[in-house]
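Inspection log for the structure reproduced underneath, given as structure tokens.
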Amino acid sequence: MKFYKLFCLVSILFVVVSCTQSKNENSILIGHVSPLTGNQAHLGKDNELGFLMAIRDLNKQGIIIDNKPVLFEGLSEDDAADPKQGTAAAQKLIDYQVVGVIGHLNSGTTVPASAMYNRANIPQISPSATLPKYTKQGFDNAFRVVANDVQLGGTLGKYSFKTLQLRTVAVIDDRTAYGSGVAKEFKKGFEAVGGKVIANEFTHDKATDFFAILTSIKDKNPDFIFFGGMDAVAGPMLRQLKQLDMNISFFGGDGICTAELPRLAGDALGSKQVFCAEAGGLLDDATKQRNLAFRQRFQEENNIDVKLYAPYVYDATMILVEAMKKADSTDPKIFSSQISKVNYMGITGPISFDKFGDVKNAALTIFSFQDGNKFPIEVVKSSGS
């Protein structure tokens, strides 16, 4: 089987024949988009590996749709976590006539691309985009398998106040759609239960120097910091907190809740100092075992540990094909309507969708770090949607 990772590139020296012209007659092309370059490439490649594992597993099943055996092929595109590159990637997938898209990773790339997929009648399932707007645009073919910012940020806000007894916070966000969105919902959740936001600071997703904003925060002496952004920025920020002798708790959403954060932060990670939440809650032993087995197999097949979203990408890909099986069709105009009817027991837990395309009954797992390792503290139900 030939995987269509988008290294069907046009060279300045050679003309390359379109990928679609070499497709097997019975092959079904599924698209995937994530940042495969840039400072989030480690997360994007994690997504891609989860996607390709799902494609391989599907082809081992001998699936027959509309009385024909089907072969699934994966076409992976790089959006570099950039909205402009994201829409360019979306157009390529539309041109290649993919039947569905798994992605994008970031809200800032997912939302503009979603309008393009909707116009092309191509269903999209994001494994990680959390901005509420994504599923509130009135598109009936846009879905996500993770909690949104309201669920994620709001729950973290309440958890920090009620469970950890923290009362004052300084909030920093990276001004991306994800970072500002999750920070906004965190503040709402924290203030709703009596917490006080005593500082609001801003950075950007390529920043490396945070001494000015951290010094300003230090003077205000908050109980903790909440950061809306990704691990590539959180790691250096934690290092600079340590340099400033700011020994306070540090919170973030799923964007910092990665296996890569210990390397990025080094000894500044501390012990039970950093807290984060990841969508999904492994509430029962059977799901825990499925998740563990996937992670072990992921490591064996790819020689690297799961970073963060790969299990969600895997489940999203399986759900897309489950809808095809239910509709007995690979035509996206036909099977898209079946996605909202899928009840799927995934490696991340049970997945079904509400009328907007958000995952129902979203649970979150609160994590912390100790001795360079991420460990779960508890599973909590989300505070809203």
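In this chain, numbering begins with 1 at the start of the sequence shown.
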Kindly determine whether Asn47 and Tyr314 satisfy side-chain contact (heavy atoms from CB on, under 4.5 Å), including the steps that lead there.
-> CA-CA 8 Å; Asn47 280 22; Tyr314 184 93; over 6 Å; no

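- Under the 4.5 Å side-chain contact rule for hydrophobic residues, Ile55 and Phe294 share a cluster.
- Within 6.0 Å of NZ in Lys218 there are more than 12 heavy atoms belonging to other residues, nucleotides or ligands.
- Nearest heavy atom pair, residue Gln338 against residue Ala323, reads CB-O, 3.7 Å.
- Residues Val359 and Val111 do not share a hydrophobic cluster, defined by chaining ILVMFWY side chains whose heavy atoms lie under 4.5 Å apart.
- Side-chain contact between Phe298 and Met53 is present, with heavy atoms from C-beta onward closer than 4.5 Å.
- Distance CG/Asp315 to CG/Leu320: 12.5 Å, rounded to 0.5 Å.
- In summary, the side chains of His204 and Asp174 do not present any donor paired with an acceptor at a separation below 3.5 Å, with no hydrogens or angles considered.
- Between the CD1 atom in Ile102 and the CD1 atom in Ile125 there is a gap of 4.5 Å [rounded to 0.5 Å].
- Remark: Met116 CE to Thr87 OG1 distance equals 5.5 Å, nearest 0.5 Å.
- In this structure, Leu75 and His32 have side chains that are not in contact, with every pair of non-hydrogen atoms separated by 4.5 Å or more.
- Taken from NE2 in His104 to OG in Ser114, the straight-line distance is 8.5 Å, to the nearest 0.5 Å.
- Across all their heavy atoms, Gly179 and Thr176 have their closest contact at N-OG1, 2.9 Å.
- Scanning both residues, Asn291 and Pro311, for their nearest heavy atoms gives ND2-CB, 4.4 Å.
- Taken together through direct or relayed side-chain contacts under 4.5 Å among Ile, Leu, Val, Met, Phe, Trp and Tyr, Ile319 and Phe139 form parts of separate hydrophobic clusters.
- Under the 4.5 Å side-chain criterion, counting only non-hydrogen atoms from C-beta, Lys184 is not in contact with Asp149.
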Give the C-alpha distance, both sets of side-chain angles, the deciding distance and a yes or no for ring-ring contact (aromatic ring centres under 6.0 Å, His included) between Phe251 and Phe224.
-> CA-CA 7 Å; Phe251 270 67; Phe224 70 112; 5.0 Å; yes

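- With no hydrogens or angles considered, a side-chain donor-acceptor pair links Gln91 and Asp95 at under 3.5 Å.
- Using a 4.5 Å heavy-atom cutoff, the side chains of Phe369 and Pro262 are in contact.
- Side-chain N or O atoms of Ser160 include none that pairs as donor or acceptor with a backbone N or O of Leu166 at under 3.5 Å.
- Taking every heavy atom of both residues into account, Gln85 and Asp79 meet most closely at CB-O, 3.4 Å.
- Counted by atom type alone, Asn106 and Gln40 present one or more donor-acceptor pairs between their side chains at under 3.5 Å.
- Between the side chains of Asp205 and Tyr178, no donor-acceptor pair is found at a separation under 3.5 Å.
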Which atom pairs, one a donor and one an acceptor, fall under 3.5 Å between side chains of residues 230-249 and the rest of the protein, sequence neighbours left out?
unit_1: Asp231; atom_1: OD1; unit_2: His42; atom_2: NE2; d: 3.0
unit_1: Asp231; atom_1: OD2; unit_2: His42; atom_2: NE2; d: 2.9
unit_1: Asp231; atom_1: OD2; unit_2: Thr258; atom_2: OG1; d: 2.7
unit_1: Arg239; atom_1: NE; unit_2: Leu264; atom_2: O; d: 2.7
unit_1: Arg239; atom_1: NH2; unit_2: Arg263; atom_2: O; d: 3.2
unit_1: Arg239; atom_1: NH2; unit_2: Leu264; atom_2: O; d: 3.4
unit_1: Gln240; atom_1: OE1; unit_2: Phe210; atom_2: N; d: 2.7
unit_1: Gln240; atom_1: OE1; unit_2: Phe211; atom_2: N; d: 3.4
unit_1: Gln240; atom_1: NE2; unit_2: Thr208; atom_2: O; d: 2.6

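- Ion pairing of Lys45 with Glu48 is absent here, as no side-chain N (NZ or NE/NH1/NH2) approaches a carboxylate O to less than 4.0 Å.
- A salt bridge links Asp358 with Lys136: at least one charged nitrogen is closer than 4.0 Å to a carboxylate oxygen.
- No donor-acceptor pair closer than 3.5 Å links the side chain of Asp66 to the backbone N or O of Lys68.
- Glu185 places no side-chain N or O within donor-acceptor distance of the main-chain N or O of Leu152, the cut-off being under 3.5 Å.
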Working for side-chain contact (heavy atoms from CB on, under 4.5 Å), residues Glu201 and Ser216 | CA-CA 9 Å; Glu201 298 287 349; Ser216 174; 3.4 Å; yes

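- In this structure, OG1 in Thr135 is found 7.5 Å from CZ in Phe356, a value given to the nearest 0.5 Å.
- Val101 places a side-chain heavy atom less than 4.5 Å from the side chain of Leu93.
- Counting heavy atoms from C-beta on, the side chains of Leu131 and Asn148 never come closer than 4.5 Å.
- A donor-acceptor pair is defined here as one N or O able to donate and one able to accept, closer than 3.5 Å; such a pair exists between the side chain of Asp78 and the backbone of Ala80.
- Within the 4.5 Å cutoff, no side-chain heavy atoms of Glu278 are placed close to those of Leu364.
- Sorted by first and then second residue, the salt bridge (Lys or Arg N to Asp or Glu O under 4.0 Å) pairs with a member in residues 300-310 read Arg56-Glu301, Glu260-Lys307, Arg297-Glu301; sequence neighbours excluded.
- The backbone N or O of Asn141 lies less than 3.5 Å from no partner atom in the side chain of Ser336, so there is not a single donor-acceptor pair.
- In this structure, Ser76 and Leu36 approach most closely via the heavy-atom pair OG-CD1, 4.0 Å.
- Val306 and Phe375 fall within the same hydrophobic cluster, where Ile, Leu, Val, Met, Phe, Trp and Tyr residues are linked whenever their side-chain heavy atoms come under 4.5 Å apart, directly or through other members.
- Taking the ring axis of Tyr134 as reference, the NZ or CZ atom of Arg144 does not stay both within 45° of it and closer than 6.0 Å to the ring centre.
- When atom types are taken as modelled, the side chain of Ser107 and the backbone of Thr130 share a donor-acceptor pair closer than 3.5 angstrom.
- For the atom pair CG of Leu214 and CG of Asp219, the computed distance is 11.0 Å after rounding to the nearest 0.5 Å.
- You'll find the side chain of Val169 reaches within 4.5 Å of the side chain of Val171, heavy atoms only.
- Of the possible polar contacts, one joining the Ser340 side chain to the Ser337 backbone as a donor-acceptor pair under 3.5 Å is found.
- Follow the hydrophobic side-chain contacts under 4.5 Å out from Leu308 and you reach Phe275 in the same cluster.
- Nearest heavy-atom pair across Tyr159 and Ile377 is OH-CG2, 3.6 Å.
- The side-chain tip of Lys187 does not point at the ring of Phe226 from less than 6.0 angstrom away and within 45° of straight on.
- No donor-acceptor distance shorter than 3.5 angstrom exists from the side chain of Gln97 to the backbone of Ile94, with no hydrogens or angles considered.
- For the pair Thr168 (side chain) and Asp223 (backbone), a donor-acceptor distance under 3.5 Å is present.
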For Ile172 and Thr203, what are the C-alpha separation, side-chain angles and deciding distance, and is it a side-chain contact (heavy atoms from CB on, under 4.5 Å)?
-> CA-CA 7 Å; Ile172 307 170; Thr203 183; 4.1 Å; yes

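- Aromatic ring orientation, Phe190 versus Phe161: perpendicular (interplanar angle above 60°, classes split at 30° and 60°).
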After noting the C-alpha distance and the side-chain angles of Ser180 and Phe202, does the key distance pass the side-chain contact (heavy atoms from CB on, under 4.5 Å) rule?
-> CA-CA 9 Å; Ser180 59; Phe202 308 101; over 6 Å; no

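- Judged purely by atom type and a 3.5 angstrom limit, Asn59 uses its side chain to pair as donor or acceptor with the backbone of Phe72.
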